[in-house]
Amino acid sequence: MIDLKQFRADPERFRQGARDKNMEVDIDRLLELDEQRRALMAKQESTRAEQNRISKEIGPQIGKLKGQLKKAADDDRAEIEAQIAELEQRPVALKATIQKCDQDLAEIKPEFDALLLKVPQPPDPDVPKGVSEEDNVEKSRWNPDWYDTDKPFAENKGFVPKSHIDLMQAHGMVDFERAVKMAGTRHYALAADGMRLHQAVLNWSFDEITSKHGFRPMSVPVIVREECMVGTAFFPSGRDQAYHIEESSRGAGHDLFLTGTGEVGLMGLHADEILDADQLPLQYATISTCFRREAGAAGKDTAGLYRIHQFDKVEQVVICKADEQESRAWHDRMIAIVEDILKQLDLPYRLLQCCTGDLGPKNADMIDIECWMPSRGETDEHGNPRGAYGETHSASRLYDYQCRRLNLRYRGEDKKTVFCHSLNNTVVASPRILIPIIEMCQNEDGSITIPEVLRPYMNGRERIG
RNA sequence: GGACAGGUGGCGGAGCGGCUGAACGCGCCGGUCUCGAAAACCGGUUUGCCCUUCGGGGCAACGUGGGUUCGAAUCCCACCCUGUCCGCCA
């Protein structure tokens, strides 16, 4: 959520921010409603102040008169009752005014709240302008010394690569047919060494992030209430992407939603809290199953393990002080952790600076990390794919946009409460990460060499097949 | 799922419908005392919003939402949540 005071002071900044992100939001209407709302509040409050004043004055008087009434002789009664009635009449007009303000405010509120939640965080000035992922800017590339992504796979390794689908099926590592039978398209079942490799890369990277980099290991809910989705800013804009469990229609008090990333559970932990400054930064990591409807992606990446409805992910989040330099430093550090992990896995990757049009509503800045996947990309003259980068990680910097919605604060130097900054990044998402691992580590005979760092998690084995 | 009990400030815990933003205790911060510390004593200690001539002024909040009332932490209704016991269960 944006800061209303900043919004009033400089609405143009937010108008431009939404434009840069290609998002529709009626800034003028929000300004108008805000003005109406404040005028009504001012009127209501001053009326209420008046009412309180009168109330304090007549309260004791009424009390006293009612006491007298009990003991009074019959002929005095009428007189006392008249006095009470007169006193009680005094605030009546004020009450009507207050109620009218109440009604008017209640009428504005839903539209105001909905609109306010829709205003995206403006992109940082140093984020390149652009309309789609086409306009993202490559920042850097890394290749292991034995592979050059500018040359075809065959030139690098001396044979034409197979896709992860073929390789995994050959080794009985995956079963698409039965999974699709059970759950429909974009589902899969991992089997045998497929499941082992999946667990190995998750467990290894979880150990890296928690033991080596000091992030606190957590297990958090993946089924959450709507407030948690709104608080983490996945709603309202991403509502279509989340699976909705309609418990309310079965008589329960509220619906639930499946989370699309561990970020939701990790960030939701401290909602509505005021932390001590010395508790910060909080560094959390979780390993969680992620659920995504992939609405609007019909026909895209339909084969294999690239775009699926359910996967597992090791996620890192940082909650730090509201200091731009500090949160930028954390962003760099979280990206460096992923680079270290990908280097240890020996996977070619590149860093992409996402352009304004590719940012979500909550991000001020986002760096995507893509790994080289030999089975992707256009096909060459022999009908073999040329290979392409595919997104495997995404590192977001949010300033206080998310914590403001979550009402997550800390007590600053001057004892004032301040909204925290938050950041998040993938550590490893599997099975998608299995695509580059399996395809890059394949041998001419169809076997797969297990990356060295994963061998301790695979019973010491060196290869599959 | 069944039966009770309960939701008040950082915590514990009061609270005849008006004087209660809230007693009391603990914790925390500041001060007195002391060479220093402890004890004792004194003072302070919620959050959000609105207005401001920047001195300050005002409103709201006792789980949530509605209602009764001139006036609600206190009365009524609905919902949510928590605890305990029983049943079921990885």
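Chain letters run A, B, ... following the sequence lines, proteins first and then strands; every chain starts at 1. All of these numbers come straight from a predicted model, not from anything done at the bench.
- Annotation: rU8(B) and rG56(B) have their C1' atoms spaced 30 Å apart (nearest Å).
- Of the nucleotides present, none pairs with rC62(B) by Watson-Crick or G-U wobble criteria with both distances under 3.5 Å.
- Judged by a 6.0 Å distance limit and a 45° cone about the ring axis, R455(A) is not positioned over the six-membered ring of Y457(A).
- A gap of 11 Å separates the C1' atoms of rG21(B) and rA60(B), to the nearest Å.
- When heavy atoms are screened at a 4.0 angstrom cut-off, S46(A) is found touching no nucleic acid atom at all.
- Comparing the same atom, P, in rG7(B) and in rC16(B) gives a spacing of 13 Å after rounding to whole Å.
- No salt bridge links E35(A) with R8(A); every basic N to acidic carboxylate O contact stays at or beyond 4.0 Å.
- Residue-level contact check: R37(A) touches neither bases nor backbone, having no heavy atom under 4.0 Å from any strand.
- Across all strands shown, rU74(B) remains unpaired; no Watson-Crick or G-U wobble contact has both distances below 3.5 Å.
- Considering only side-chain atoms of T417(A), the nucleotide from rG48(B), rC50(B), rG58(B) that sits closest is rG48(B).
- Between D28(A) and R15(A), at least one side-chain nitrogen of the basic residue sits less than 4.0 Å from a carboxylate oxygen of the acidic one, meeting the salt-bridge criterion.
- In terms of position along RNA chain B, the nucleotide closest to L4(A) lies nearer the 5' end than the nucleotide closest to the other residue of the pair K95(A) and L4(A).
- The pair E294(A)-R186(A) does not meet the salt-bridge criterion, since no charged nitrogen lies less than 4.0 angstrom from a carboxylate oxygen.
- With a cut-off of 3.5 Å on both pairing distances, the Watson-Crick or G-U wobble partner of rA40(B) is rU32(B).
- Checked against rU46(B), rC70(B), rC50(B), the side chain of R411(A) finds its nearest nucleotide in rU46(B).
- Checking rC49(B), rC81(B), rC51(B) against every side-chain atom of M41(A), the shortest atom distance belongs to rC49(B).
- Pair assignment for rU53(B) gives none, since no Watson-Crick or G-U wobble pairing has each distance under 3.5 Å.
- Here rG18(B) is the nucleotide among rC50(B), rG18(B), rG48(B) with the atom lying nearest to any side-chain atom of S55(A).
- Looking at the side chain of E45(A), the nearest of the listed nucleotides rC49(B), rU47(B), rC70(B) is rC49(B).
- Taking the C1' atom of each, rG15(B) and rU74(B) are spaced 8 Å apart, rounded to whole Å.
- Using a 4.0 Å heavy-atom criterion, one finds that K5(A) contacts the sugar-phosphate atoms exclusively.
- rC16(B) is unpaired under the Watson-Crick or G-U wobble criterion, no partner having all donor-acceptor distances under 3.5 Å.
- Considering only side-chain atoms of R48(A), the nucleotide from rC81(B), rC59(B), rC50(B) that sits closest is rC59(B).
- The side chain of N52(A) contributes an N or O atom lying less than 4.0 Å from OP1 or OP2 of rA60(B).
- If you check every strand for non-hydrogen atoms under 4.0 Å, R404(A) touches nothing.
- Side chain to side chain, D312(A) and Q199(A) fail the donor-acceptor criterion of an N or O pair below 3.5 Å.
- Here rG25(B) sits opposite rC11(B) as a Watson-Crick or G-U wobble pair (both hydrogen-bonding atom distances under 3.5 Å).
- Here rA61(B) presents its P atom at 10 Å from CD of Q44(A), a figure rounded to the nearest Å.
- Using a cutoff of 4.0 Å between basic side-chain nitrogens and carboxylate oxygens, R328(A) and D126(A) are scored as salt-bridged.
- In this entry rU82(B) has rA5(B) as its Watson-Crick or G-U wobble partner, both defining distances falling under 3.5 Å.
- Across all strands, R53(A) comes closer than 4.0 Å to no nucleic acid atom at all (heavy-atom distances).
- Nucleotide rG7(B) carries an anti base; the chi torsion (O4'-C1'-N9-C4 or O4'-C1'-N1-C2) is more than 90° from 0.
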